[in-house]
Amino acid sequence: MAEALLRDQLRRADPPLPDSNGWRVTSAGTWAMAGDRASEFGRWAMARRGLDLSAHRSRIVTAEMLAEADLVLVMTRSHREALCAEFPAASGKIHLLAQMAGPAFDVPDPFGSSMADYEQTARELEDLIARGLPTIRRLADGAEETGRPETGKRGV
């Protein structure tokens, strides 16, 4: 859901973000099963917002994904800790999504929960992304300042 919502907000940003067309927003899980479809309730919550998750398939995060990413946003502290422990070279670009908008907190995963929980999480993600978009953009753009050659903004 976060991937779809971030893509949507980048596309609809006001004022428009001229460089957002070069961004690649993707998602991957720390404990996901590769190839799974988005949950029915997740597809429903996004469809209510005009976003289609029918083609989405889960992926497991890899070292290659993290090496290519300019910015990595995670939902929980445990996700951040797990990624930093397994991929220490990427730790400087791994951040909690909530930190983009204010104080750090975990966004609970509604997997296996009710439709109402998915809707609540979708609303929370929308709010965090909307409020955090300037910080997200600044951090992703900061990758250019490191001198790394870039072909476009990348995020996991």
Closest non-hydrogen atom pair, [X] against [Y]:
| X | Y | value |
| --- | --- | --- |
| Leu66 | Ala90 | CB-CB, 4.0 Å |
| Ala140 | Asp70 | O-CB, 4.1 Å |
| Met65 | Ile60 | CE-O, 3.3 Å |
| Met1 | Gly42 | SD-CA, 4.0 Å |

ring-ring contact (aromatic ring centres under 6.0 Å, His included) with His79: which residues, sequence neighbours excluded?
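Testing His79 for ring-ring contact (aromatic ring centres under 6.0 Å, His included), a comparison that skips the adjacent residues, returns Trp31.
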
With sequence neighbours excluded, residues passing ring-ring contact (aromatic ring centres under 6.0 Å, His included) with Phe87:
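With neighbours one apart ignored, the set is empty.
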
Any chance you could measure [X], atom [atom1], to [Y], atom [atom2], to the nearest 0.5 Å?
| X | Y | atom1 | atom2 | answer |
| --- | --- | --- | --- | --- |
| Leu96 | Leu73 | CG | CG | 9.0 Å |
| Glu81 | Ile94 | CD | CD1 | 11.5 Å |
| Leu125 | Gln9 | CG | CD | 10.0 Å |
| Asp36 | Arg59 | CG | CZ | 14.0 Å |
| Leu128 | Leu6 | CG | CG | 11.5 Å |
| Leu97 | Glu124 | CG | CD | 8.5 Å |

Could I get the full list of side chain to side chain donor-acceptor pair (under 3.5 Å) partners for Thr135, not counting sequence neighbours?
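So Thr135 forms no side chain to side chain donor-acceptor pair (under 3.5 Å) with any residue.
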
So, [X] side chain and [Y] main chain: donor-acceptor pair closer than 3.5 Å or not?
| X | Y | value |
| --- | --- | --- |
| Lys93 | Leu139 | no |
| Thr121 | Tyr118 | no |
| Arg49 | Ala4 | no |
| Arg43 | Ala38 | yes |
| Arg37 | His56 | no |

Can you give each donor-acceptor pair under 3.5 Å made by side-chain atoms of residues 103-117, sequence neighbours left out, with the distance rounded to 0.1 Å?
| from | atom 1 | to | atom 2 | distance (Å) |
| --- | --- | --- | --- | --- |
| Asp106 | OD1 | Arg77 | N | 2.8 |
| Asp106 | OD1 | Arg77 | NH1 | 3.4 |
| Asp109 | OD1 | Phe111 | N | 2.9 |
| Ser113 | OG | Pro110 | O | 3.0 |
| Ser114 | OG | Ala116 | N | 3.4 |
| Ser114 | OG | Asp117 | N | 3.1 |
| Ser114 | OG | Asp117 | OD2 | 3.4 |

If a pair satisfies salt bridge (charged side-chain N to carboxylate O under 4.0 Å, His left out) and one of its residues is in residues 82-91, list it, with sequence neighbours excluded.
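Sorted pair list comes back empty.
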
Glu126/Arg131 salt bridge by N-O under 4.0 Å criterion:
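Here Arg131 does not pair with Glu126 in a salt bridge, since their nearest N and O are not under 4.0 Å apart.
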
Residues Arg123 and Gln120: side-chain donor-acceptor under 3.5 angstrom
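Short answer, yes.
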
Is the shortest side-chain heavy-atom distance between Asp8 and Arg12 below 4.5 Å?
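They are in contact (side-chain heavy atoms under 4.5 Å apart), so the answer is yes.
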
Is there side-chain contact between Glu119 and Phe41, with at least one heavy-atom pair below 4.5 Å?
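In short, these two side chains do not touch, never coming nearer than 4.5 Å.
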
Identify, with sequence neighbours excluded, every residue that meets salt bridge (Lys or Arg N to Asp or Glu O under 4.0 Å) alongside Arg7.
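Expected list: Glu3.
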
